[in-house]
Structure formats: C-alpha cells, structure tokens
Amino acid sequence: MGRIAVIDFETNGLSPSASCRATEIAAVLVEEGRIVGRYQSLMNANVFVPREIERLTGISNAMLREAPPAARVMREVADFVGDTPLVAHNAAFDRKFWDHELALIGATRRQEFACSLLLARRLLPEAPDHKLGTLGRWLGLPVSGRAHRALADSEMTAHLLVRLQALLAERHGVRRTDHALLCALQKVPAARVADWLAQVR
DNA sequence: TGCCAGGCCCTCTTTAGGGCCTT
C-alpha cells in the first residue's frame with residue numbers, strides 16, 4: 001500500500017471567496033497503516049472569523065493575527081505533500097479550498113482526492129451517521145486533540161481511512177486497498193457496492 | 001460589521017426536493 005496524505009482545513013466559512021479563506025491546514029502522511037509524518041499551521045489570510053465559527057473551531061481573530069501568511073503556509077504544505085495522493089473527510093469541501101489557496105500562490109493540484117465520507121457511507125451504512133466525530137466515537141478511534149482543529153481532525157480521518165482499508169480486507173476480501181481503488185469505490189452507487197467489491201476481490 | 005455553498009444521494013425521482021456533510 002502506497003503513501004497517502006490526509007488533509008483537513010479549518011476555514012472562516014463554507015465556500016472560498018475573497019472574504020472566505022482557510023484559517024488552518026494540517027496534513028498527515030499515512031504509510032502501512034501508520035501515521036509517519038505531520039504538518040500543521042494556522043494561516044493568516046487577513047479575513048474575519050465570525051463568532052460562531054470561532055466557537056466551533058477555537059480559532060480566533062487574535063490567533064490569526066499572529067499566524068504566518070497564508071501564502072507561506074500553502075507553499076510549505078504543498079511541498080510537504082508533494083505528489084502524494086490525497087484524502088479528506090467530505091473531500092469536496094477541502095478540495096475546493098485546496099485548489100483555491102493553491103491558485104492564489106500560482107500553483108495547481110497534481111493529484112486526486114479520495115473522500116472518507118463517501119467511502120464510509122458505502123462501507124459502514126449501519127453507522128449512526130457519517131460525521132467524522134460520530135464515526136470516530138462509534139469505531140473507537142484514537143483522539144489526538146480538540147475536534148474541529150486541523151491536526152486532530154486529519155489524524156482522526158487518517159485512523160478512519162486505515163479502519164476502512166482493514167474492513168475492505170477483512171469483511172470483503174479486498175486486498176488491494178490503494179488510493180486508485182478508493183477513488184473508484186467512492187463513485188460506485190451505494191446499491192451496487194456489494195457486487196462491485198465481489199468483482200475486485 | 002461580519003459576509004453563508006455545493007456535491008452527493010435517496011426517493012413519494014429523472015420536468016424535483018430535501019437531508020447529509022464540510023466550516
């Protein structure tokens with residue numbers, strides 16, 4: 001199984017724009033089922049964090065005033081990740097911020113995203129719901145810090161990914177659980193997952 | 001001062017609506 005980079009953004013809103021930007025990024029490298037590298041930084045994009053989002057994330061405007069510039073942080077995290085295939089929980093969200101922040105430093109994403117939310121909906125349909133926090137508690141995954149901070153959430157997502165890969169092997173007999181297979185699986189209609197898994201086994 | 005989206009997926013669907021997820 002190759003190396004995978006799990007990322008998580010904290011932001012001041014839900015859709016990137018001139019006033020809606022990333023406020024924190026974390027990336028963890030996963031290899032052979034273990035976390036082998038970590039990057040985390042607050043990032044100052046000179047935007048305002050509304051009070052309800054400050055309550056959610058614990059990231060305040062005062063903290064961001066002291067943070068390094070967003071452009072410097074994005075250059076660092078892009079170097080840290082390199083060409084490693086990416087995973088995020090609800091990747092559609094993190095992908096649009098990743099692409100937006102990269103574009104602002106004149107860079108372009110070079111790899112695909114797999115989505116642990118889409119994979120969990122297919123492989124754990126019996127879960128109470130598929131929020132990251134719920135899945136972490138339900139599966140008994142390790143907690144490394146405050147929820148809704150980038151490093152803690154990216155580590156939780158990494159543990160979820162490893163658990164999903166183990167499920168593929170143990171419950172479905174799928175030994176090849178690389179990033180390309182995950183990207184293919186997340187596009188399979190939920191009703192056809194069992195047949196699809198039987199074919200790739 | 002404090003801005004509020006969008007892809008996925010199900011169904012009482014497909015000429016649509018609404019819940020789930022992310023912050």
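Values below: every heavy atom of this structure, side chains too, minus hydrogens, waters and symmetry copies. The chains referred to below are lettered A, B, ... by the order of the sequence lines, with proteins before strands, and numbering in each begins at 1.
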When all nucleic acid strands are considered with a 4.0 Å heavy-atom cut-off, which category describes [X]: base, sugar-phosphate, or nothing?
X: A:R121; answer: base
X: A:N12; answer: nothing
X: A:N61; answer: nothing
X: A:A91; answer: nothing
X: A:D129; answer: sugar-phosphate
X: A:S19; answer: base

Looking only at atom [atom1], what distance separates [N] and [M], rounded to whole Å?
N: B:dG2; M: B:dG6; atom1: P; answer: 23 Å
N: B:dG19; M: B:dT1; atom1: P; answer: 35 Å
N: B:dT15; M: B:dC20; atom1: C1'; answer: 25 Å
N: B:dG18; M: B:dT13; atom1: C1'; answer: 12 Å
N: B:dC12; M: B:dG7; atom1: P; answer: 25 Å

In terms of heavy-atom contacts, does CZ of A:R109 have more than 12 from other residues, nucleotides or ligands at under 6.0 Å?
-> yes
Can you establish whether the number of heavy atoms outside A:E112 located under 6.0 Å from its atom CD is more than 12?
-> no
Output the rounded distance in Å from [atom1] ([X]) to [atom2] ([N]).
X: A:L160; N: B:dC21; atom1: CG; atom2: P; result: 13 Å
X: A:E101; N: B:dT22; atom1: CD; atom2: P; result: 20 Å
X: A:H100; N: B:dT23; atom1: NE2; atom2: P; result: 18 Å
X: A:D94; N: B:dT23; atom1: CG; atom2: P; result: 7 Å
X: A:F48; N: B:dT1; atom1: CZ; atom2: C1'; result: 7 Å
X: A:F93; N: B:dC4; atom1: CZ; atom2: C1'; result: 12 Å
X: A:D8; N: B:dT22; atom1: CG; atom2: C1'; result: 9 Å
X: A:K96; N: B:dG7; atom1: NZ; atom2: C1'; result: 8 Å

On DNA chain B, more 5' by nearest nucleotide between A:E52 and A:F9 is A:E52
Using heavy atoms to find the nearest nucleotide of DNA chain B for A:G133 and A:R95 separately, return the residue whose nucleotide is more 5′.
-> A:R95
Hey, is the side chain of A:H148 poking within less than 4.0 Å of OP1 or OP2 on B:dT23, counting only N and O atoms?
-> yes
Ignoring backbone atoms, establish whether A:H130 has a side-chain N or O less than 4.0 Å from OP1 or OP2 of B:dC20.
-> no
Between atom SG of A:C115 and atom CG of A:L161, what is the distance when rounded to the nearest 0.5 Å?
-> 11.0 Å
Consider the side chain of [X], meaning its heavy atoms from C-beta on, and name the nucleotide among [options] that approaches it most closely.
X: A:L14; options: B:dA5, B:dC10, B:dG7; value: B:dA5
X: A:L118; options: B:dG2, B:dC8, B:dT23; value: B:dC8
X: A:N90; options: B:dG6, B:dC10, B:dT23; value: B:dG6

With the 4.5 Å side-chain cut-off for hydrophobic clustering, are A:V87 and A:F80 part of the same group?
-> no
Determine, stepwise, if the pair A:E10 / A:R149 fulfils salt bridge (Lys or Arg N to Asp or Glu O under 4.0 Å).
-> CA-CA 7 Å; A:E10 304 306 315; A:R149 287 299 299 265; over 6 Å; no
Is A:Q165 reaching over with its side chain to a backbone N or O of A:T177, donor-acceptor style, under 3.5 angstrom?
-> yes
